[in-house]
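Just below is one structure, and these are the notes that go with it.
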Amino acid sequence: MRKEKKIPSEAVAPLAADLHDWYARNHRVLPWRGITDAYRIWISEIILQQTRVVQGYAYYNRFVSRFPDVRALAAADDDEVMKLWQGLGYYSRARNLLAAARQVVERFGGEFPTTYEAIRSLPGIGDYTAAAIASFAYGLPHAVVDGNVYRVLARIYGIDTPIDTTEGKKLFAALADELLDRKDPGGYNQALMEFGALYCVPRSPQCGGCIFADRCMALATGRVEELPVKLGRTVVKPRYFNYFYVRHGDYTWVRRREGRDIWRNLYELPLIETAEEASLDVLQQSEEWARLFAGAGRVSVSAQVYACKHVLSHRVIHARFYVVETEQLLPMEDYVRIAVGELGDYAVSRLTEGFLEKMSANYPALF
DNA sequence: AAGTCGGGGTA
DNA sequence: TACCCAGACTT
């Protein structure tokens, strides 16, 4: 029989009273705070998934300005939504956002759902986001558990169960629910997260003046820097992308990325991905090259004009860019021909954006 | 339970 | 560098 792991939360004075007091004195003023519009709260929560406030701030303002309500978003063009999301990362959020807006219109008559279960059923909304919307917009008693909550609770209660395990997730969810202030779930949730974001920070928190210094197990045992525990192994795999900025007159070519891969629904230049670093010579002898430039006539290729390592959380992309001018107008299967000036209308990855910026700075004649 | 999906900030 | 950020979804 396994020993029941019970966190003795009764042994620690409840956090709510001190938390509310701290929040009143220290919280940031943000456009999605102090409102009850579930639509705007939802937009902010999706944008802020795995994203810092400073990074998402401008995106939020642009989004709610362009799409003031759920019906406006539901009617939006897919590419425009991707363009608004460009540079923010985790693009499935944008795709799910649009899909969810359309479901709100179809399933709920255009009114954002008002129960936890209904909210949770929308694409892109998991346990955290459903609890956030339900408590902030409707005052429903659901505890949020995000990275901040894991950290604050792990430290105060001295919990070293890894947070990225099923056991850890269940344990913290149960504790957060037990601690939730039922009189003000939304205010309590926001305060707990804000406390983690501003004060109980991952590294070098100033525990000296902490409002919980008298009851923090981690501080008492000198384990503040060790908690929370995460198993997390980040294996970074390399990929090799060879891009071609193809020109014929004022035309160039782009393609929308499809399939289960990074940057789905974003646009990119003609690409040959290789299993390892490849020279231009090798690329020119490949089948992909032949297929790409079939019917191009004489093809003149620049030397590599731009190269970089694009680092993602679990990938490092070794990218090389070349400029190609073709004698004939290309058929270029899979790619769409556009005027060079229209490049800016298409949502692209930060990698491609970086190349385009570099090009327009160094070779303005090509743009 | 493990893998995938971005980009940027911080020590 | 390594870790983290108002996580969700797929396999």
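Below, chain A is the first sequence line, B the second, and so on; all start at residue 1. Computation of the quantities below employed the complete heavy-atom set of this structure, encompassing side-chain atoms and omitting hydrogens, waters and symmetry-equivalent molecules.
The nucleotide whose nearest atom lies closest to any side-chain atom of A:Arg203 is, among B:dG7, B:dG9, C:dA6, B:dG9. Nearest to the side chain of A:Arg52, among C:dA6, B:dT10, C:dC4, sits C:dC4. Ranking C:dA6, C:dG7, B:dC5 by closeness to the A:Ile262 side chain, first place goes to B:dC5. The side chain of A:Asp146 lies closest to C:dA6, out of C:dT11, C:dA8, C:dA6.
Between A:His314 and A:Leu231, the one whose closest nucleotide on DNA chain B sits nearer the 5' end is A:Leu231. Between A:Arg260 and A:Ala197, the one whose closest nucleotide on DNA chain C sits nearer the 5' end is A:Ala197.
Counting distance only, with no hydrogens placed and no angle test, the side-chain atoms of A:Thr51 and the base atoms of B:dG8 include no donor-acceptor pair under 3.5 Å. For a distance-only test at 3.5 Å, the side chain of A:Arg264 fails to qualify as a donor-acceptor partner of the base of B:dC5. For C:dA8, the base has no donor-acceptor partner in the side chain of A:Arg120 [N/O atoms by modelled type, under 3.5 angstrom]. The base of C:dG7 has none of its N or O atoms less than 3.5 Å from a complementary donor or acceptor on the side chain of A:Thr129.
With salt bridges taken as basic N to acidic carboxylate O contacts below 4.0 Å, one links A:Glu80 and A:Arg66. Salt-bridge formation is not detected for the pair A:Lys83/A:Asp345: no Lys NZ or Arg NE/NH1/NH2 atom is positioned less than 4.0 Å from an Asp or Glu carboxylate oxygen.
With 3.5 Å as the limit, one finds no donor-acceptor pair spanning the side chains of A:Tyr90 and A:Gln50. In summary, the side chains of A:Tyr267 and A:Asp79 do present a donor paired with an acceptor at a separation below 3.5 Å, with no hydrogens or angles considered.
A close approach under 4.0 Å does not occur between any side-chain nitrogen or oxygen of A:Lys169 and OP1 or OP2 of C:dG7. Contact annotation: A:Tyr91 side-chain N/O to B:dG7 OP1/OP2 distance is under 4.0 Å.
Comparing the same atom, P, in C:dT10 and in B:dG6 gives a spacing of 14 Å after rounding to whole Å. Remark: the separation of the P atoms in C:dA6 and B:dC5 is 23 Å, to the nearest Å.
When rounded to the nearest whole Å, the span between CD of A:Gln50 and C1' of B:dG8 equals 12 Å.
A:Tyr59 carries A:Arg62 over the face of its six-membered ring, with the cationic atom under 6.0 Å from the centre and within 45° of the normal.
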